[in-house]
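Hydrogens, waters and symmetry mates are skipped; everything else that's a heavy atom, side chains included, is used.
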Amino acid sequence: MEQLQSLRGMVDLLPAATSRWQWLEQTAREHFRRSCIREIRTPLLEATELFARGIGEATDVVGKEMYSFNDRGDRSCTLRPEGTASVVRAAIQHGLLSQGAQRLWYGGPMFRYERPQGGRQRQFHQIGIEFLGFADPRSDVEAIAIAWDLLEALGITGLQLELNSLGSRDDRQAYRDALVAWLTERQDQLDTDSQQRLATNPLRILDSKNPQTQQLLQDAPNLEQSLSDASRERYEEVKAGLSALNIPHLCNPRLVRGLDYYGHTAFEITSDALGAQATVCGGGRYDGLVEQLGGPAAACVGWAMGLERLMLLLPDKSQQSQPPDVVVISQGSAAAALAVPVARQLRQIGQAVDVDLSGAGFGKQLKRAGKSGARWAVLIGDEEASSGQLQRKDLNSGDSSTIALQSLAENWIS
Ligand code: ATP
Ligand code: MG
């Protein structure tokens, strides 16, 4: 029969990889705990309208990348392509903001119909934080510092933080007008994608990967020139806050981010080691989104990291999977009946126990136990089974001793 395969861009994580993933997730969880950020979990499936309204129709994510379908009740549903819109929806729906400002984190799979390549999948994983109800520039600094320090805790080096201010809504409108006017005069020099964006999402043209367009943009009006004094001052405060924390940052006036809801601070953390898919973390301020989704006015800042890209950057030492503490080995029918109960007792006192159920000879089982990296083997033959005295072998030194089955848990010292 023909073998079934996973769908394109949907990746299995095999046991050899999952211990690294667990370590990464654990490190992040601990980092968020220390930052007093609480976890929120939202459904993978949402009404399509949430993303259309929350992310913006003219973005690549909504326009080209969503997994949308009609369910059996003929409602348009979408597998979440990112976390922010869902977190904001949930916060509004459950009135979280009436309980005060919220520091939240989330993690899990996201879905985007993109061309799969290194560091780009159709099901991928993000962790992210959202600070809801925080307007102070210090919250931008804190959010960025939490990302930066997490990357450091993961042992990832060679990162660059790029920063921009997209200003207020009015600043952006003024800039958009200036940019559109300037680009319209040079429309024929733009790539086709950018020509389309001129009408739908002109700021995104700054993000174009097309070299000729990038060349042209060298002389285009600068976003910074459109910033009001207040926006400029706010931007300076964020930069000063980062400098005070010794977090190096580079101002990039072309950094606009893909999603519509950003204003003021926008940032990305990139790594040279990743090739074309260089961004590991992206985020910024989205003060209008809560209201846009029907909630109260609430200023917000947040970011998301792509875990697959983090995985590519983790140093090797974080790769090891843990060997068992003990392997239980048995031969003979009376002994075989004790193998699982013995393993269970040892697990109940916290040992990581593998149990050999192969029915192979002692010698072969012992050899396998040695290879597993376990510290101990517990040997049960029929003689041990009838006497109730099990053999415990130290696989490092080769020494053996007996241990009574009756008081296994009490006498087990590792
Ligand atoms: P890119 O420019 O790489 O497409 P993006 O701006 O679309 O990124 P965001 O929506 O900001 O990405 O998501 C935050 C992070 O999630 C990215 O920086 C990246 O690390 C990761 N990410 C986004 N899309 C994918 C994907 N298809 N596969 C793997 N990781 C992804
Ligand atoms: Mg993208």
Side-chain angles (χ1 to χ4, degrees), residues 50-63 65 80-89 91 104 106 110 112 126 128-137 139-144 146-147 161-177 179 197 200-208 222-224 226-228 230-232 234-235 237-239 242 249-270 279-293 295 297-306:
L50 172 64
F51 304 114
R53 261 214 271 164
I55 302 176
E57 303 267 11
T59 60
D60 280 354
V61 171
V62 174
E65 299 173 358
R80 64 178 187 188
E82 54 104 57
T84 304
S86 305
V87 169
V88 169
R89 180 211 37 79
L104 304 172
Y106 62 85
M110 306 292 162
R112 295 184 193 177
Q126 285 184 340
I129 68 172
E130 312 293 356
F131 287 180
L132 310 182
F134 291 86
D136 194 308
S139 61
D140 307 38
V141 174
E142 188 192 5
I144 294 173
I146 286 167
L161 167 62
E162 291 184 28
L163 197 65
N164 193 17
S165 171
L166 306 176
S168 65
R169 194 186 295 268
D170 288 346
D171 300 343
R172 270 194 311 289
Q173 190 56 52
Y175 178 62
R176 190 183 309 231
D177 294 346
L179 184 69
R197 284 188 175 139
T200 57
N201 197 353
L203 290 194
R204 282 286 277 156
I205 296 174
L206 299 180
D207 232 13
S208 167
N222 203 320
L223 180 51
E224 214 170 341
S226 301
L227 294 184
S228 66
S231 299
R232 207 179 295 261
R234 193 180 190 289
Y235 190 24
E237 279 181 57
V238 172
K239 287 192 269 186
L242 291 171
H249 51 276
L250 196 87
C251 295
N252 175 0
R254 302 265 172 76
L255 194 157
V256 287
R257 313 265 318 125
L259 316 181
D260 270 358
Y261 50 59
Y262 286 104
H264 292 295
T265 306
F267 73 95
E268 289 189 350
I269 301 176
T270 57
T279 309
V280 282
C281 178
R285 178 158 283 283
Y286 50 97
D287 292 343
L289 183 63
V290 180
E291 266 182 303
Q292 197 174 312
L293 292 177
C300 308
V301 61
W303 51 255
M305 286 188 191

Test salt bridge (Lys or Arg N to Asp or Glu O under 4.0 Å) applied to [X] - qualifying residues, sequence neighbours left out:
X      : value
Asp171 : none
Arg254 : none
Glu162 : none
Arg80  : none

Under the side-chain hydrogen bond (donor to acceptor under 3.5 Å, both in side chains) test, residues paired with [X] that sit two or more places apart:
X      : result
Ser165 : none
Asp170 : none
Thr200 : none
Ser139 : Arg285

Applying side-chain contact (heavy atoms from CB on, under 4.5 Å), name anything that partners [X], two or more places apart in sequence or on another chain.
X      : answer
Ile269 : Ala147, Trp148, Leu151, Leu159, Leu161, Phe267, Val280, Cys281
Ala91  : Leu96, Leu132
Asp177 : Gln173

| Just wondering, do Val301 and Thr265 contact through their side chains at under 4.5 Å, heavy atoms? |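 Result no, sub-4.5 Å side-chain heavy-atom pair not found.
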
| field | Partner set under ring pair (Phe, Tyr, Trp, His ring centres under 6.0 Å) for Phe134, not counting sequence neighbours | value |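 Per chain and number, Phe134 pairs via ring pair (Phe, Tyr, Trp, His ring centres under 6.0 Å) with Phe131.
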
